[in-house]
Amino acid sequence: MKIALRGAALLAALAGASAWAQTADEQLLSAQMAFQQAQGQDRSTEAKVKEAESAKQLAEQRLAGAQAALDKATADLAAANAARDAAQQTLKQATDSLNQAWQRKDSGQ
């Protein structure tokens with residue numbers, strides 16, 4: 001175990017020393033590679049942001065459509081309830097009138 005730790009420490013020291021030992025060309029190449037990797041990651045995340053924005057916009061449009069459908073259904077339900085109430089009132093009045101007519105007929109009036 002101690003040998004492994006010593007080996008790891010030695011490798012870390014050598015890696016640090018090699019970083020200092022890089023030539024200007026090697027440092028430039030390393031920096032260019034890091035830049036290209038970061039640039040690629042930036043493009044990837046930018047594409048994901050645009051995709052998420054599009055999905056959000058579509059969802060908002062669907063939500064607006066669903067809200068409009070809900071509002072229409074609510075209005076239709078209110079109109080149907082009002083029509084039912086009016087029909088029930090008309091039926092009650094017709095029933096009362098029919099009952100009165102039968103009573104008059106039964107009483108010989």
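Just so we're clear, the structure is a prediction, and the values are computed from it rather than from any experiment. Side chains included, hydrogens not; waters and symmetry mates left out as well; all remaining heavy atoms used.
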Minimal heavy-atom distance between T45 and D42, with the atoms involved, is OG1-O, 3.0 Å

Around Q61, counting heavy atoms of other residues, nucleotides and ligands shown, do more than 12 lie under 6.0 Å from its CD?
yes

Could you measure the distance from the CZ atom of R104 to the CG atom of D106? Nearest 0.5 Å is fine.
11.5 Å

Tell me, with the steps shown, if L29 and M33 meet side-chain contact (heavy atoms from CB on, under 4.5 Å).
CA-CA 6 Å; L29 180 60; M33 290 173 59; 4.1 Å; yes

Taking atom CG of L28 and atom CD of Q22, what is their separation to the nearest 0.5 Å?
11.0 Å

Give a yes-or-no answer on whether the side chains of N99 and Q103 include a donor-acceptor pair shorter than 3.5 Å.
no

For K92, run the side-chain hydrogen bond (donor to acceptor under 3.5 Å, both in side chains) check against T90, T95, D96 and tell me which one passes.
D96

Just wondering, more than 12 heavy atoms not from R84 lying within 6.0 Å of its CZ?
yes

Do other residues, nucleotides or ligands put more than 12 heavy atoms under 6.0 Å from Q88 CD?
yes

Once you round to the nearest 0.5 Å, how far does CG of L77 lie from CG of L70?
10.5 Å

Taking the side chain as every heavy atom from C-beta outward, state whether S54 and K50 have any atom pair closer than 4.5 Å.
no

Under the side-chain contact (heavy atoms from CB on, under 4.5 Å) criterion, do Q37 and Q41 qualify, and how do the steps go?
CA-CA 6 Å; Q37 183 179 10; Q41 188 174 16; 5.7 Å; no

